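Each ligand, and each atom within it, is numbered from 1 in the order the structure gives. Keep in mind it's a predicted model, so treat the numbers as computed, not measured. The analysis underlying the following values was restricted to heavy atoms, covering all of them including side chains, and did not include hydrogens, waters or symmetry mates.
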Amino acid sequence: MPTVKAYGVSHSTEPLKPLTIERRETGEHDVTIDIAYCGICHSDIHQARNEWGNSIYPMVPGHEIVGTVSAVGKKVKRLKPGDKVGVGCLVDSCGECPDCKEGLEQFCVRPVFTYNSMEKDGKTIAHGGYSKAIVVREDFVLRIPKNLPMEAAAPLLCAGITTYSPLRHWGAGPGKKIAVIGLGGLGHMAVKLASAMKAEVTVLSRTLKKKDDAIRLGAHYVYATGDPATFEKLGRHFDLIINTVSAKLDWGQYLGLLKRDGAMVLLGVPPEAPQVHAFPLIMGRRSLAGSLIGGIAETQEMLDFCGKHNIAADIELIPIQKVNEAYERVMKADVKYRFVIDMKSLS
Ligand code: NAP
Ligand code: ZN
């Protein structure tokens, strides 16, 4: 089996370090990709540090992968060497359950996630994009629009689809008032996408430090959640709240900002689960919902939407040797607005 260079962890309490991992040979339905860039998602940090209690080690994180096809299997029809492609959070699924049949592979009963997951053989640990190359079944490989810079397109593979999918599902568009809580990797994509969908977009950030950025990204209004007046002023205001916060938050307080029949969609997965009282839900028939990335077809739809509207992430490009420092900065919400690793640095 070919070996490739990577960065990862073999334990929850250690920093990321250089590793060598094995990749399978290119199977007949497989595409082998030379990875050019990989985004750093907050989920990488939760999982590297076992904050959800389900981590499998050794772990090579990374599910915002873009690169160039270097080899394809005999039965691959859609892609050829030299194509610019992407891989997100999913690399396989059962293909037979009702969710797979409806193109919602993210909800498959036996999904194979890009890392922190077992491959379909049940024996091999799947390894992610902080590495030089990856081998993925053709059906899970996406096309990157030619007009988007590769490095800024990488975060679309997770932050992009994770925010696009609920915006579409809950009908973001003209006349809809949408709030985005947390202006980080997911939050900044939610702002760009919701404003391209012509919804009215409000950013709810802890302070007003990111106000100018939020407006530049497409927000119409920005409020500080550290100011109690925000909650009085915006009561019963929004049709949809996209909650991207990675830490524990008083969800009940935010539900009060929804109109009748409004929904707050959880995208962030805080390690600790907050408690919610029934009152803010029953008063106004509000919903507390969740959403997980998006299916493969919808991910391609999102990439094409981004190509058409010229949308990509605002990134800070780093060499892989700075990955531990980048993790610390993400924890402090000190990133504008996604770190992307330049895989040339891994040699
Ligand atoms: P991120 O870049 O760190 O952004 C999170 C933002 O949340 C921060 O920028 C900050 O915004 C706010 N925040 C952080 N700590 C907070 C605290 N203690 N109280 C209030 N607000 C706080 O993270 P990300 O990569 O966007 O990911 C966000 C979350 O989504 C993570 O939990 C991740 O695991 C999850 N996720 C879920 C999916 C899915 O499919 N559902 C996919 C990807 C990621 P302000 O500074 O503006 O307040
Ligand atoms: Zn992610």
Side-chain angles (χ1 to χ4, degrees), residues 38-49 51-52 54-55 61-65 86-90 104-107 111 113-116 128-130 154-167 169 179-192 202-214 217 219 222-227 230 242-251 253-254 265-274 289-295 298-299 302 313-316 326-340:
C38 184
I40 297 179
C41 176
H42 204 121
S43 302
D44 298 349
I45 304 176
H46 289 310
Q47 292 174 97
R49 297 179 176 178
E51 289 177 357
W52 296 334
N54 66 352
S55 293
H63 55 209
E64 293 186 336
I65 300 166
V87 177
C89 303
L90 283 166
L104 296 167
E105 299 88 354
Q106 74 273 35
F107 304 123
F113 292 105
T114 307
Y115 69 89
N116 195 24
Y130 299 1
L156 301 178
L157 277 305
C158 175
I161 183 58
T162 300
T163 49
Y164 180 87
S165 185
L167 288 168
H169 186 79
V180 176
I181 319 179
L183 195 67
L186 266 57
H188 98 291
M189 286 312 308
V191 170
K192 289 188 184 210
T202 300
V203 166
L204 302 176
S205 187
R206 284 167 292 177
T207 66
L208 291 178
K209 272 197 296 206
K210 300 177 186 170
K211 182 171 182 179
D212 293 345
D213 284 348
L217 294 165
V222 185
Y223 289 91
T225 54
D227 179 359
T230 294
I242 300 288
N243 181 345
T244 76
V245 174
S246 49
K248 194 172 173 184
L249 206 63
D250 179 359
W251 291 342
Q253 188 183 23
Y254 288 85
V265 182
L266 304 176
L267 300 182
V269 190
E272 263 186 287
S291 187
L292 175 68
I293 47 174
E298 194 178 38
T299 305
M302 174 278 308
D314 283 27
I315 64 157
E316 285 189 51
Y327 273 29
E328 290 313 315
R329 285 187 52 201
V330 172
M331 293 309 294
K332 288 189 242 150
D334 171 26
V335 48
K336 296 196 166 183
Y337 277 87
R338 197 59 139 184
F339 285 112
V340 173

Please say which of His188, Lys192, Lys336 ends up in a side-chain hydrogen bond (donor to acceptor under 3.5 Å, both in side chains) with Asp314. Lys192

Ignoring hydrogens and geometry, is there a side-chain-to-backbone donor-acceptor pair from [X] to [Y] under 3.5 Å?
X      : Y      : result
Ser205 : Gly182 : no
Thr230 : Ala224 : yes
Thr202 : Ala179 : no
Ser246 : Gly268 : no
Glu64  : Cys41  : no
Trp52  : Val269 : yes

Looking only at distances, please establish whether an N/O atom of ligand 1 is found under 3.5 Å from an N/O atom of [X].
X      : value
Leu183 : yes
Leu266 : no
Val245 : no
His46  : yes
Leu267 : yes
Trp52  : no
Gly185 : yes

Which of the numbered atoms in ligand 1 are below 4.0 angstrom from a heavy atom of [X]?
X      : value
Thr244 : 5 (C), 28 (C), 29 (C)
His42  : 1 (P), 3 (O), 23 (O), 24 (P), 25 (O), 27 (O), 31 (C)
Ile293 : 39 (C), 40 (O)
Leu249 : 20 (C)

May I ask you to identify, for [X], whether its side chain, its backbone, both or neither come under 4.0 Å of ligand 1 on a heavy-atom basis?
X      : value
Ser246 : both
Cys158 : side chain
Arg338 : side chain
Ile181 : neither
Lys210 : side chain
Leu292 : both

In terms of residue, atom name and distance, what is the protein heavy atom nearest to [atom]?
atom                    : value
atom 30 (O) of ligand 1 : Gly268 CA, 3.3 Å
atom 26 (O) of ligand 1 : Leu186 N, 2.7 Å
atom 41 (N) of ligand 1 : Ser291 O, 2.9 Å
atom 8 (C) of ligand 1  : Ala333 CB, 4.0 Å
atom 33 (C) of ligand 1 : Ser43 OG, 3.4 Å
atom 10 (C) of ligand 1 : Arg206 NH2, 3.4 Å
atom 39 (C) of ligand 1 : Thr162 CG2, 3.4 Å
atom 18 (N) of ligand 1 : Ala247 CB, 3.3 Å

Could you confirm whether Cys41 has any N/O/S atom lying under 2.8 Å from the Zn ion (ligand 2)?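 Here the distance criterion (N, O or S atom, under 2.8 Å) is met by Cys41, so yes.
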
Euclidean distance, [Y] [atom2] relative to [X] [atom1], rounded to 0.5 Å:
X      : Y      : atom1 : atom2 : result
Ile242 : Leu186 : CD1   : CG    : 9.5 Å
Thr244 : Ile181 : OG1   : CD1   : 7.5 Å
Ile315 : Phe339 : CD1   : CZ    : 11.0 Å

Does the side chain to side chain donor-acceptor pair (under 3.5 Å) test come out yes or no for Asp44 and Tyr327, once each step is laid out? CA-CA 9 Å; Asp44 298 349; Tyr327 273 29; 4.6 Å; no

A side-chain contact here means heavy atoms from C-beta on lying under 4.5 Å apart; do [X] and [Y] qualify?
X      : Y      : value
Val203 : Lys210 : no
Pro155 : Tyr337 : no
Ser43  : His63  : yes
Pro61  : Gln47  : no

Tell me which N, O or S atom of His63 sits nearest to the Zn ion (ligand 2).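 Answer by atom name: NE2.
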
If you count heavy atoms of other groups shown closer than 6.0 angstrom to CG of Asp334, is the number above 12?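 Enclosed.
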
Tell me which one of Ser205, Gly226, Gly182 gets a heavy atom nearest to atom 12 (C) of ligand 1.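 Looking at heavy atoms only, the winner is Gly182.
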
